[in-house]
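The basis for the numbers below is simple: all heavy atoms, side chains too, and nothing from hydrogens, waters or symmetry mates. The first residue of the sequence shown is numbered 1, and numbering continues consecutively from there.
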Amino acid sequence: MLIRPRFTEYNDIYLPQNDLDFAIPFLNEDIPLYVDPFLIWKSPSMADKGLHQMVISAFNNLGTLVRGGKIDEAVKQLITASECDEVGLGNSATRQGKRIGKNSAEEVLSLFQKIPYYRDNGFRHFEEIQLFVDDIGKDRISDIACNFMKSFLIDYTHQECSGLGIDMRDVKVDAVYNHTKRNFENITAELPLHPETNKPLLLVPKRWLRHTPWINYDSYFRNHCPQDDISHEGEKLTKVKVLTYNRDNYGLIDSFVKEKERTVDDCECDPLFTQIPVISARRKFQQIKKLPSGKDNGADLKYERAIGELLPSLLYPYLDFAQEQARTDDGVNIRDLIFYNSRNHEFLKEIMDDYGSRQITFEMKNVAQINRGHIDQLNRYLQDGLGKFGVFITRNPLKKAEITRIVNLWSGQRKAIVVLTDADIEQMVEVFDSKQRHPIDFIVRSYVQFRRKCP
């Protein structure tokens with residue numbers, strides 16, 4: 001059973017995130033990123049710019065409906081647009097969210113009536129609604145954008161899956177916006193399905209994703225909001241007061257948005273994983289080196305935390321980090337680092353072929369010496385579902401008796417356990433700095449040394 005399964009591994013696609021144009025979805029939870037319409041607006045791609053214009057046109061059509069007395073239809077469309085489960089973006093642990101209610105929808109739509117600029121011209125960046133309406137945040141902005149361009153995402157997903165040879169089926173897709181008819185409709189499209197729910201999945205270009213939209217309430221409040229004018233001395237400045245003030249002072253919002261447009265070059269997508277800088281890697285290893293082995297003063301937890309921060313950066317992009325995992329074996333708490341095996345390196349292909357390792361487990365042990373009990377714990381964990389290749393991250397090399405133990409495991413059960421010590425981690429940091437080799441070479445070296453001992 002895979003830890004934190006992803007769409008690609010389920011479909012037997014073993015490419016790292018770095019090599020794909022789209023953000024790899026998790027199957028059982030959301031990706032903690034959001035589509036930022038501002039990134040689409042600033043894109044040099046004419047296709048992206050056209051998409052942004054379509055999204056803005058669809059959103060501003062809600063104002064046209066309101067002004068035409070069709071408020072119920074506008075409310076219905078906005079509620080429909082407020083959640084897009086197919087893309088799996090956000091913070092849900094179940095890939096399912098909730099749409100906004102009627103009251104929130106009516107409050108958003110009231111901006112087309114209460115603010116003269118929006119009444120006469122519509123929005124140029126609909127993310128501005130965050131600055132007027134409470135409970136409208138980055139998740140709603142992202143979902144509204146995705147729903148208004150769902151027809152594009154369907155075509156994009158089909159194209160990407162066709163190129164990778166991923167199986168697709170005809171499936172009903174709800175709430176696809178028809179830009180000609182200016183309404184939502186259900187259609188049938190050939191798309192990949194979630195393996196458990198059989199619901200359609202949509203892929204999103206990673207170039208559109210940020211942790212927070214470029215136009216957001218916190219940035220406005222911190223750098224642009226006249227806080228002293230809104231709340232007098234001794235009064236509590238609440239978000240509701242700020243939002244109410246903004247509705248009566250649109251000029252402030254206009255100047256804030258224009259400032260965001262002027263600084264457009266600073267707006268970049270947020271990568272799904274960021275390597276720590278070289279200087280931080282060196283400092284992190286020095287922290288590790290100074291820690292005593294054992295548990296005194298929480299040394300074991302500090303060791304696990306430092307290794308957990310360092311190793312994902314050292315092994316990227318060959319190994320995508322899945323998660324840090326806590327497990328219990330015979331009452332002993334154990335912490336592992338789990339990586340997806342992308343198989344984009346000859347060594348990684350080999351351990352998949354020989355040991356069935358779709359993921360790779362690194363067990364962290366801040367002990368002076370690995371003993372038989374530690375080996376038995378990892379041995380019990382290395383089963384067919386996870387794969388039969390594991391790595392100990394520990395302080396010192398194994399002694400002769402423990403080397404014999406892991407060799408016997410290979411001989412009897414065809415399981416491979418290799419060890420990375422402080423000396424190995426130090427060398428990995430050195431090559432991470434020099435970039436003349438890749439740190440994964442030291443796992444390869446440990447494996448070669450292990451196999452030489454095997455019969």
Side-chain angles (χ1 to χ4, degrees), residues 1-3 9 12 14 16 304 307-308 311-312 314-316 318-325 327 329-330 332 334-367 369-425 427-428 431 437-455:
M1 182 177 179
L2 290 179
I3 305 299
E9 279 82 17
D12 293 325
Y14 298 97
E304 291 163 0
I307 290 292
L311 205 63
L314 297 183
L315 297 179
Y316 182 83
Y318 285 118
L319 292 175
D320 283 340
F321 183 55
Q323 70 175 18
E324 186 173 344
Q325 175 187 255
R327 58 187 171 91
D329 191 304
D330 290 344
V332 178
I334 300 166
R335 298 207 74 83
D336 301 317
L337 301 178
I338 309 294
F339 291 83
Y340 300 104
N341 184 356
S342 63
R343 308 184 204 177
N344 58 340
H345 186 286
E346 285 301 317
F347 166 69
L348 299 178
K349 293 177 184 176
E350 181 179 348
I351 64 171
M352 176 59 199
D353 293 340
D354 291 349
Y355 306 105
S357 294
R358 300 171 70 188
Q359 293 184 314
I360 302 175
T361 301
F362 292 73
E363 185 174 309
M364 299 174 286
K365 287 293 182 186
N366 185 38
V367 294
Q369 288 297 150
I370 293 289
N371 59 38
R372 177 171 180 157
H374 299 140
I375 295 171
D376 289 345
Q377 288 165 357
L378 184 53
N379 171 42
R380 286 191 288 270
Y381 190 60
L382 300 180
Q383 303 299 328
D384 289 337
L386 189 63
K388 297 182 178 181
F389 178 89
V391 183
F392 273 124
I393 308 291
T394 190
R395 312 307 300 270
N396 300 301
L398 268 60
K399 290 186 176 180
K400 185 176 180 179
E402 281 65 45
I403 292 174
T404 300
R405 177 65 178 160
I406 62 172
V407 168
N408 288 341
L409 283 175
W410 186 88
S411 300
Q413 303 180 40
R414 284 298 186 267
K415 293 183 179 181
I417 295 176
V418 301
V419 178
L420 294 177
T421 66
D422 281 1
D424 296 316
I425 299 297
Q427 289 180 304
M428 291 170 75
V431 299
R437 295 168 62 190
H438 193 277
I440 199 172
D441 290 344
F442 292 91
I443 303 178
V444 178
R445 185 183 69 180
S446 293
Y447 177 68
V448 170
Q449 292 171 346
F450 163 75
R451 283 303 305 271
R452 285 174 181 165
K453 296 180 175 70
C454 297

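Every residue two or more places apart in sequence or in another chain was checked for a salt bridge (Lys or Arg N to Asp or Glu O under 4.0 Å) with Glu304, and none qualifies. With sequence neighbours left out, the side chain to side chain contact (heavy atoms under 4.5 Å, CB included) criterion links Thr421 to Pro397, Val419, Ala423, Asp424.
At a threshold of 4.5 Å between non-hydrogen side-chain atoms, the residues Ile406 and Leu398 count as touching. In this structure the side chain of Asn341 never reaches within 4.5 angstrom of the side chain of Arg358, judged on heavy atoms. Residues Met364 and Leu311 fail the side-chain proximity criterion, which asks for heavy atoms closer than 4.5 Å. Between Phe362 and Ile307 the shortest side-chain heavy-atom distance does not fall below 4.5 Å. In this structure, the side chains of Tyr355 and Trp410 come closer than 4.5 Å at one or more pairs of heavy atoms. Side-chain atoms of Glu363 and Arg327, non-hydrogen and from C-beta on, do get closer than 4.5 Å to each other.
Checked by atom type and distance alone, the side chain of Gln359 pairs as donor or acceptor with a backbone atom of Ile3 at under 3.5 Å. When atom types are taken as modelled, the side chain of Asn371 and the backbone of Gly373 share a donor-acceptor pair closer than 3.5 angstrom.
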Would you list the atom pairs, donor with acceptor, under 3.5 Å between side chains in residues 344-353 and any protein atom, with sequence neighbours excluded?
{"from": "Asn344", "atom 1": "OD1", "to": "Ser342", "atom 2": "OG", "distance (Å)": "2.4"}
{"from": "His345", "atom 1": "ND1", "to": "Phe347", "atom 2": "N", "distance (Å)": "3.0"}

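Phe450 and Lys415 make their closest contact through CZ-O, 4.2 Å (heavy atoms, listed as atom of the first residue, atom of the second, distance). Nearest heavy atoms, Ala416 versus Tyr447: CB-CE1, 4.1 Å. Annotation for Leu420 and Phe442: closest pair CD2-O, 3.9 Å, computed over non-hydrogen atoms. Contact record, Ser411 with Pro455: OG-CG, 3.2 Å, taken as the closest heavy-atom pair. Residues Val391 and Ile360 approach most closely at CG2-CG2, 4.4 Å, considering heavy atoms. Nearest heavy-atom pair, Phe321 versus Tyr340, reported as atom, atom and distance to 0.1 Å: O-CE1, 3.7 Å.
Remark: the Asp12 side chain and the Tyr14 side chain contain an N/O donor-acceptor pair separated by less than 3.5 Å.
Annotation: the span from Thr361 atom OG1 to Leu386 atom CG amounts to 4.0 Å, rounded to 0.5 Å. To the nearest 0.5 Å, atoms CG (Asn396) and NZ (Lys365) are separated by 15.0 Å.
Using a 30° and 60° split on the angle between ring planes, His438 and Tyr318 fall in the perpendicular class, above 60°.
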